[in-house]
Amino acid sequence: MPELPEVEGFRQYLQATSLGRRIESVAVRRRRILRGTSSARLREALTGSRLVAADRHGKYVFATPDRGGCLVLHFGMSGRLKVFRRPVQRPPHTRLLVRFADGSHLAYVCPRMLGGVSITLSAEHFVREHGLGPDALSVSRAEFKAIFAARRGMVKPALMNQRNVAGLGNLYTDEILFQASVHPRTPLGRLSEAQLDALYRSTRRILRTSIRRRAEYDELPRSYLLPGRDEACPCPRCGGRIVRSIVGGRATYHCPRCQRRPRVNSPSHV
DNA sequence: AGGACGCCCTGTTCGC
DNA sequence: TGCGAACAGGGCGTCC
């Protein structure tokens, strides 16, 4: 399930495999993956050009052709990229296929069709247009704290809202809350200064660690909640029972002993 | 404006 | 053993 670390992996993969090669042709194999663009516009933007940069903001990858404009890739929960040489190696569920002049191919694979592809002016333009918050790995501590101090609602949906900070999905949000010892339903207004700091530090540490381990859940440290994200697995910190609930409409795992819920009736300091 | 809920989509898992 | 229901969730829309 691509969140920021997986998407960063796709960006690195694109950068390592596809920059500098001339694009010979582009095939949109499923029109429905196009977001606000047409096959003709996509082909026009890419055909004959070379990709000169691969960037990422949150869960989006931006590929810049040398002619200007920008290809936007979003992966939903099952999307990925695959480069191959021989046509028979084309992966199933390839929705967009770029053929390079040197004979290699770049496939945008998206089995569940929850991702999408579009053309925009630039990454900055796209971020502004979609109202995305700062990237979760680039945001400064002060900005991070200011964003969440200015909003209301439960902390978990707020962390996952891409308009606040871009890049956090369901699984890493649970991990961040676990490592910061914050209950997922904590109202933002009830977070202490220390808790906001802990959330920021957890976010950075977890994302960096996951990117380094190539976003493989099994390779994350034993102290992480993620690999044993299951009610059957004990809390890696206290050995207690992990509880599954629904928060903001999403399956949520937390340790009620390590992540205590603030008392409902205690007065708020705000 | 927050929050509950539904929808999209399909591979996988679960329950009977 | 087999089949259908439920689940997974990123992003968006609707309604209260």
Side-chain angles (χ1 to χ4, degrees), chain A residues 1-11 28-37 56-62 72-82 91-96 107-118 120 126-133 135-136 147-177 183-191 207 210 215 217-218 225-233 242-254 261-262 264 268 270:
Chain A
M1 292 148 230
E3 295 189 29
L4 191 150
E6 289 88 345
V7 176
E8 173 60 19
F10 298 150
R11 186 201 69 77
V28 177
R29 297 172 50 83
R30 274 288 261 284
R31 196 159 296 179
R32 208 156 37 76
I33 58 139
L34 299 179
R35 300 288 150 86
T37 192
R56 180 191 59 73
H57 188 101
K59 302 177 198 171
Y60 293 88
V61 165
F62 300 92
V72 187
L73 300 171
H74 184 259
F75 299 92
M77 75 172 274
S78 60
R80 62 193 174 87
L81 297 175
K82 180 68 185 173
H93 313 296
T94 295
R95 310 308 190 192
L96 179 75
Y108 166 82
V109 183
C110 195
R112 294 183 203 182
M113 296 290 293
L114 290 173
V117 168
S118 58
T120 187
F126 183 89
V127 167
R128 220 177 312 125
E129 202 174 57
H130 287 253
L132 296 178
D135 182 76
I147 287 166
F148 292 107
R151 296 203 163 257
R152 290 157 184 272
M154 300 183 287
V155 64
K156 170 160 176 173
L159 285 168
M160 284 182 66
N161 188 339
Q162 306 298 298
R163 300 177 83 86
N164 293 335
V165 154
L168 304 179
N170 196 35
L171 273 54
Y172 283 101
T173 299
D174 277 1
E175 187 67 48
I176 289 163
L177 290 165
H183 191 284
R185 285 186 179 272
T186 308
L188 288 177
R190 301 281 291 280
L191 287 173
L207 294 179
S210 182
Y217 298 148
D218 293 342
L225 179 68
L226 247 174
R229 203 183 135 79
D230 195 300
E231 284 187 301
C233 293
I242 294 296
V243 169
R244 180 189 194 272
S245 63
I246 301 294
V247 179
R250 297 287 177 233
T252 300
Y253 292 82
H254 81 284
R261 192 172 179 172
V264 180
S268 167
V270 220

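Within every chain, numbering begins at 1; the chains are lettered A, B, ... in the order of the sequence lines, protein sequences first and strands thereafter. Everything numeric here is computed off the predicted structure, so don't read it as measured data.
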- What is the distance, rounded to the nearest whole Å, between atom CG of Leu171(A) and atom P of dA8(C)? 11 Å
- Interface with DNA chain B, restricted to residues 150-157 of chain A and to heavy atoms under 4.0 Å: Arg152(A), Gly153(A), Met154(A)
- Met77(A) has an atom CE; how far is it from atom P of dT12(B), in whole Å? 11 Å
- Query: Between atom CG in Leu188(A) and atom C1' in dA1(B), what is the gap in whole Å?
  - Reply: 13 Å
- Task: Remember a base hit wins even if backbone is also touched, and classify Arg35(A) as base, sugar-phosphate or nothing at under 4.0 Å, heavy atoms.
- Result: nothing
- Terminal axis angle for the helix from dG2(B)-dC16(C) to dC16(B)-dG2(C), five pairs an end, nearest 10 degrees: 60°
- Parallel, tilted or perpendicular, as decided by the 30° and 60° cut-offs, for the rings of His130(A) and Tyr60(A): tilted
- Query: Is a side-chain N or O of Gln162(A) found less than 3.5 angstrom from the main chain of Gly58(A), in a donor-acceptor match?
  - Reply: no
- Specify the closest pair of heavy atoms between His183(A) and Thr186(A), including all atoms of both residues, with the distance to one decimal. O-OG1, 2.6 Å
- Query: Along nucleotides 11-16 of chain C, 5' to 3', which nucleotides get a B, which get an S, and which get a -, given that the test is a protein heavy-atom distance under 4.0 Å?
  - Reply: BS----
- Query: Roughly how many Å is it from CZ in Arg80(A) to P in dG11(B), rounded to a whole number?
  - Reply: 12 Å
- With no hydrogens and no angle check, is any side-chain donor or acceptor of Glu3(A) less than 3.5 Å from a backbone partner on Leu168(A)? no
- Nucleotide nearest Arg244(A) when distance is taken to its side chain, options dA4(B), dC7(C), dC8(B): dC7(C)
- Are any of Arg32(A)'s side-chain N or O atoms less than 4.0 Å away from OP1 or OP2 of dC9(B)? yes
- Sugar-phosphate only, base, or nothing, as touched by Gly169(A) at under 4.0 Å among non-hydrogen atoms: sugar-phosphate
- Task: Measure the distance from CZ on Phe10(A) to P on dG10(C) and round it to the nearest whole Å.
- Result: 13 Å
- Message: Can you confirm whether more than 12 heavy atoms, excluding those of Arg152(A), are under 6.0 Å from its CZ atom?
- Response: no
- Note on the structure: Assert: residue with more 5' nearest nucleotide on DNA chain B, out of Arg185(A) and Arg95(A), is Arg185(A)
- Could you check how far CG of Leu159(A) sits from P of dG2(B), rounded to whole Å? 14 Å
- Message: Are Arg244(A) and Ile246(A) packed together at the side-chain level, in the sense that at least one heavy-atom pair is separated by less than 4.5 angstrom?
- Response: yes
- Message: When you compare the side chain of Arg30(A) with that of Cys110(A), does any pair of heavy atoms fall below 4.5 Å?
- Response: no
- Task: Kindly indicate whether the side chain of Leu177(A), heavy atoms from C-beta on, has any atom under 4.5 Å from the side chain of Leu159(A).
- Result: yes
- Task: Provide the closest heavy-atom pair for Pro91(A) versus Ala107(A) in the form atom of the first, atom of the second, distance.
- Result: CD-CB, 4.0 Å
- Rounded to whole Å, CD1 of Ile246(A) lies from P of dA4(B) at a distance of 11 Å
- Query: Any side-chain heavy-atom pair from Asn164(A) and Arg151(A) closer than 4.5 angstrom?
  - Reply: yes
- Is the closest side-chain heavy-atom distance between Val117(A) and Thr37(A) below 4.5 Å? no
- Report yes if the side chains of Leu4(A) and Arg56(A) come closer than 4.5 Å at any heavy-atom pair, otherwise no. yes
- Can you tell me how far P of dC7(C) sits from CZ of Arg112(A), to the nearest Å? 15 Å
